[in-house]
Number of protein chains: 2
Amino acid sequence: MPGKSASASSAAASAADRAYTEIRGLILAGDATPGTPLREEALADIVGVSRTPVRDALRRLEAELYAVRTPGGRLVVADWNIDDVVEIFALRAMLEGHAAARAARRMTASQLAELRDCNAAIEAAAARPEPDIAGFLAGNRRFHDLVLAASASARLSTMLAGLVEQPIVRRTATRYDRSDLARSAHEHGQLIQAFAARDEEWARAVMTAHIRRALHAFQDASPSK
Amino acid sequence: MPGKSASASSAAASAADRAYTEIRGLILAGDATPGTPLREEALADIVGVSRTPVRDALRRLEAELYAVRTPGGRLVVADWNIDDVVEIFALRAMLEGHAAARAARRMTASQLAELRDCNAAIEAAAARPEPDIAGFLAGNRRFHDLVLAASASARLSTMLAGLVEQPIVRRTATRYDRSDLARSAHEHGQLIQAFAARDEEWARAVMTAHIRRALHAFQDASPSK
DNA sequence: GTTGCGGCTATTGTATACAAAAGCGCACGC
DNA sequence: GCGTGCGCTTTTGTATACAATAGCCGCAAC
């Protein structure tokens, strides 16, 4: 694994965006463990901006439940137990299932072609003798983003953005072996078929199953508890 | 109807909270029609605070899609067409259905008693010769809040808070006649039965139906289009 | 030894000043 | 007359200064 702080954040973004990305990176990388206080001034020093954009970033992280507020108004890194993770997957399954159903109704030919291309790339990443995990994850994220875009619901996009998924996807997929990756790509293929047939309920069912399988892959891969 | 700016916001709240409540009130009351620009300084003058808490409030309103951002970064009041409203109800039906299912599993005896009391108050408000709409709405809101609390999911609570509901509920219920109110109370009664039986799927189904009926009541009451 | 009070400090909330950028209008040229 | 480019104005983004409040530590009294 290359790089230092997770995803490459283009330095051209606003200070608030950089603060958001960087602070979230600290949480996801485990540098800020659950319960760690998130103090505005300290974070401002780390990111190299003033408190104002940091406050902005913290409000977003709080809304997405990366951070929780103590009675006194201080923010600390949230602690997700296994039940929270199950709940996150359950909500994702519902909402992405709904997104898939909407997408089935609205899918254009060019969007469908994009999905096919994307999934071909995912299959290629999965098929290599030594699976390209990073490529798989990037493709997977893009696939789900394309479906979300095709669903054409700003509200769904907003809600799913807050449904922190990447950390979990990453922690799960690193334990995938090649057959798991191939199965995931196969499910994407089913989804594409459902889209091509414009069958909303088929698409919803496939997406729901896809995500719920990911939940159990995660649970199986989890150390214990 | 008494009061001036909608719900009584206790003046003791923080400046940011007051700004949020007041600006949202402007939008819901129709003083700020769709497309109206939301300029920070102007709003700061109206609310009587500085731009800082106003910015805070606007970020929340943006996250909840009361406002949308123009390409240049300016905020304007969002315009919800009928499809948006249908989508809001569909999402509420899913999420509140899920909340009801969770609540059925977790419901305590005292929570159940509270729900019964609450629904008794709703029935009383609905049964009066001249129905007490305000009382019905307050009771209805409390009922749904109790269910949400019983579901014990911070994530659900956060997501549903953003699913702007009150304006719609209000616009619908003012057109309810007494039989509609009574039917709503009856559905709450069914929900209580499902909770008492700890039947998750029953609770989910009743709640889903309850909200989807509200959607159609809203559509029937809508002027046209 | 424990518990309650008091003052101090750390941290967030709010206001204001300044910088950057986007929109708008006007004028000029074709 | 219409299009285009430049500069002014409005508006948001960021930094910093100040106010208020919550938490903490120590001391003392029971």
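Naming convention: chains lettered A, B, ... in sequence-line order (proteins, then strands); numbering from 1 in each chain. Every value quoted in this text rests on a predicted model; they were computed, and no experiment measured them.
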Give one of base, sugar-phosphate or nothing for A:Leu38, where a contact means two heavy atoms less than 4.0 Å apart. sugar-phosphate

Nt span of DNA chain C in reach of chain A heavy atoms at under 4.0 Å, 5' end first, is C:dT11 to C:dT14

Comparing A:Gly72 and A:Ala15 on DNA chain D - which has the more 5′ nearest nucleotide: A:Ala15

Upstream residue (5' side of DNA chain D) when B:Glu40 and A:Gly48 are each assigned their closest nucleotide: B:Glu40

Answer whether the closest heavy-atom distance between the side chains of A:Asp79 and A:Val68 falls below 4.5 Å. no

Parallel under 30°, tilted from 30 to 60°, perpendicular over 60°: which one fits the rings of A:Tyr66 and A:Trp80? tilted

Is B:Arg74 near enough to D:dT12 that one of its side-chain N or O atoms lies under 4.0 angstrom from OP1 or OP2? no

Terminal axis angle for the helix from C:dG1-D:dC30 to C:dC30-D:dG1, five pairs an end, nearest 10 degrees: 20°

Salt bridge between A:Arg18 and A:Glu22, side-chain N to carboxylate O under 4.0 Å? no

What is the separation between atom CZ on A:Arg39 and atom P on D:dG23, rounded to the nearest whole Å? 15 Å

Worked verdict on A:Met207 versus A:Val147 for side chain to side chain contact (heavy atoms under 4.5 Å, CB included): CA-CA 10 Å; A:Met207 180 63 96; A:Val147 172; 4.0 Å; yes

With no hydrogens and no angle check, is any side-chain donor or acceptor of A:Arg69 less than 3.5 Å from a backbone partner on A:Arg74? no

Charged N to carboxylate O below 4.0 Å: is that the case for B:Arg102 and A:Glu87? yes

Would you kindly give the CG-to-P distance between B:Leu75 and D:dT11, to the nearest whole Å? 13 Å

Counting the atoms with a prime plus P, OP1 and OP2 as sugar-phosphate, which does A:Leu58 contact under 4.0 Å by heavy atoms, base, sugar-phosphate, or nothing? nothing

Ionic contact status for B:Arg60 with B:Asp17, cut-off 4.0 Å: yes

Compare all side-chain heavy atoms of B:Phe89 with those of B:Gln219 and state whether any distance is below 4.5 angstrom. no

Rounded interatomic separation in angstrom, taking CZ from B:Arg55 and P from D:dT11: 15 Å

Separation of atom CG in A:Asp17 from atom P in D:dG13, rounded to whole Å: 10 Å

Is the ring pair A:His188/A:His144 parallel, tilted or perpendicular, if the boundaries are 30 and 60 degrees? perpendicular

Would you tell me if any nitrogen or oxygen in the side chain of B:Arg69 comes within less than 4.0 Å of OP1 or OP2 on D:dG13? yes

